A.B. asks: 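Input: one structure, supplied below.
Chain A is the first sequence line, chain B the second, and so forth, proteins listed ahead of strands; every chain is numbered from 1. Keep in mind the model is a prediction, meaning the values are calculated, not measured. The figures here come from the full heavy-atom set of this structure, side chains too, leaving out hydrogens, waters and symmetry mates.
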Number of protein chains: 2
Amino acid sequence: MSEKKRGRPRAFDAKVTLEKAREVFWDRGFAGTSLDTLSAATQLNRPSLYGAFGDKEALYLDTLEGYRAESMDVLADALDPSLPLRENLARVYQRALAIYLHGETAARGCFLIGTATAEAIQHERVREVLSRSLDDFDGEIEKRMKLAIERGELPDGSDPHTLARLASAVMHSLAVRARAGDSRETLEALAQSGVDMICGKA
Amino acid sequence: MSEKKRGRPRAFDAKVTLEKAREVFWDRGFAGTSLDTLSAATQLNRPSLYGAFGDKEALYLDTLEGYRAESMDVLADALDPSLPLRENLARVYQRALAIYLHGETAARGCFLIGTATAEAIQHERVREVLSRSLDDFDGEIEKRMKLAIERGELPDGSDPHTLARLASAVMHSLAVRARAGDSRETLEALAQSGVDMICGKA
DNA sequence: CTCATTCTGTACCGTTTCGCATAAAATAAT
DNA sequence: ATTATTTTATGCGAAACGGTACAGAATGAG
């Protein structure tokens, strides 16, 4: 896999470190997180962080990218095409909520929507990751919608592009509302409404 | 209106100052905005800001509250009950986009969703304003949905609560996507989809 | 063993941060 | 005019900030 490098080996796992850093950014946002806080959370001193990931923005971008990639994996799994569309959508929302509702004080919502939106204006590269993440998500759902139309799970003449964006819109709303502190029940009701909106009432 | 106060009069209009401060927070977020930046933007030195509004968080909360109040005014106006529901909804989204798409570099999206979500975990009072804003918005739309059902603008048995949350979900998605840099055309298409989702295809 | 290479830890740098102390300026009350 | 009150302007100060220099430690190469 990876050739042995010369020099002193790292005493930490970069992947684990990124996960710990992500936790901090998730709760405090990019601008609200100091290198000291990151250093404490990752148990790495600042020079090590700097050497492994670059400056604070590069580290943040790394955590965003990791989240994006993981989210796409979760999405692909939830959209297992051997299941009915209705079940697929329910799984997508359910797994999103499992992530969004995890948090100490208030639910943390979506890492991207909750923190990257704030930086998107001033930091172009953050905006790019955010935009790409939303697009990728839409695209994956749209693919499933097209399949659903082929299979007759949706009415003929349905527009997969539109349906995908509406399904994503419910997702975005879950992300925001979770971070605003809405209860699990409230969010699950919205998720159910989203499923019914796309697939029709059960 | 206001009695003349003793002492040296203020050389600035608090309302105008709040608007200027809001512009800065809107682009840079709460944590990403320094008092120096605010001081420059409002042309007020820090002690004056401090004296009039309190610390940075209090100032930010004031700008959030102003935005919330203005948004509710815009919403109430857009929902003019002498117009059909379809037109009402289209006006709501259209006016939102007029606000969201205003920006120098990228579109700024919604001030609340774009900046308050990031602080909502660490700052309880921000989370409260955010939560209240979302609820108020939902409530106002739900009222209009109820009226629509009474008038027969929506099918019998429609659930106004659910419809309102779905309409809001499209709004939240517009807010996020605008900040991610989506084009006006893209956003208008989503808005149109939202109208059709609630009112049926034209 | 020796050396080059890479990572760790301490300590530091210059800047920026938020908030305030203080004094001058501007007004109303007396 | 004098006084009390409020706002403005300068500027301070302690802390936090992002980032890095440097020396020491751990490894592979020769």
A.B. asks: Tell me which nucleotide among dT10(C), dT8(D), dT27(D) gets nearest to the side chain of Phe12(B).
C.D. replies: dT8(D)
A.B. asks: Considering every strand and a 4.0 Å limit on heavy-atom distances, what is the contact class for Ala52(B): base, sugar-phosphate, or nothing?
C.D. replies: nothing
A.B. asks: Using the salt bridge (Lys or Arg N to Asp or Glu O under 4.0 Å) criterion, which residues pair with Glu65(A)? Sequence neighbours excluded.
C.D. replies: Arg68(A), Arg132(A)
A.B. asks: Atom CG of Asn45(A) and atom P of dG9(C): how far apart are they, to the nearest Å?
C.D. replies: 5 Å
A.B. asks: Can you name the salt bridge (Lys or Arg N to Asp or Glu O under 4.0 Å) partners of Glu188(A), sequence neighbours left out?
C.D. replies: Arg184(A)
A.B. asks: To the nearest Å, how far apart are Arg6(A) CZ and dT6(C) C1'?
C.D. replies: 9 Å
A.B. asks: Partners of Lys143(B) by salt bridge (Lys or Arg N to Asp or Glu O under 4.0 Å), sequence neighbours excluded?
C.D. replies: Glu140(B)
A.B. asks: dG9(C) P sits how many Å from Leu44(A) CG, rounded?
C.D. replies: 8 Å
A.B. asks: Tell me whether Lys146(B) is salt-bridged to Glu150(B), with the criterion being a basic N under 4.0 Å from an acidic carboxylate O.
C.D. replies: no
A.B. asks: Under the rule for ring pair (Phe, Tyr, Trp, His ring centres under 6.0 Å), what residues qualify as partners of Tyr67(A), not counting sequence neighbours?
C.D. replies: Trp26(A), Phe111(A)
A.B. asks: Which atom pairs, donor and acceptor, lie under 3.5 Å between side-chain atoms of residues 193-201 of chain B and protein residues at least two apart or in another chain?
C.D. replies:
unit_1: Ser193(B); atom_1: OG; unit_2: Ala189(B); atom_2: O; d: 2.9
unit_1: Asp196(B); atom_1: OD1; unit_2: Arg86(B); atom_2: NH1; d: 3.3
unit_1: Asp196(B); atom_1: OD1; unit_2: Gln192(B); atom_2: NE2; d: 3.1

A.B. asks: Can you give one letter per nucleotide of nucleotides 18-24 of chain C, 5' to 3': B if a protein heavy atom sits under 4.0 Å from the base, S if only from the sugar-phosphate, - if neither?
C.D. replies: SBBB---
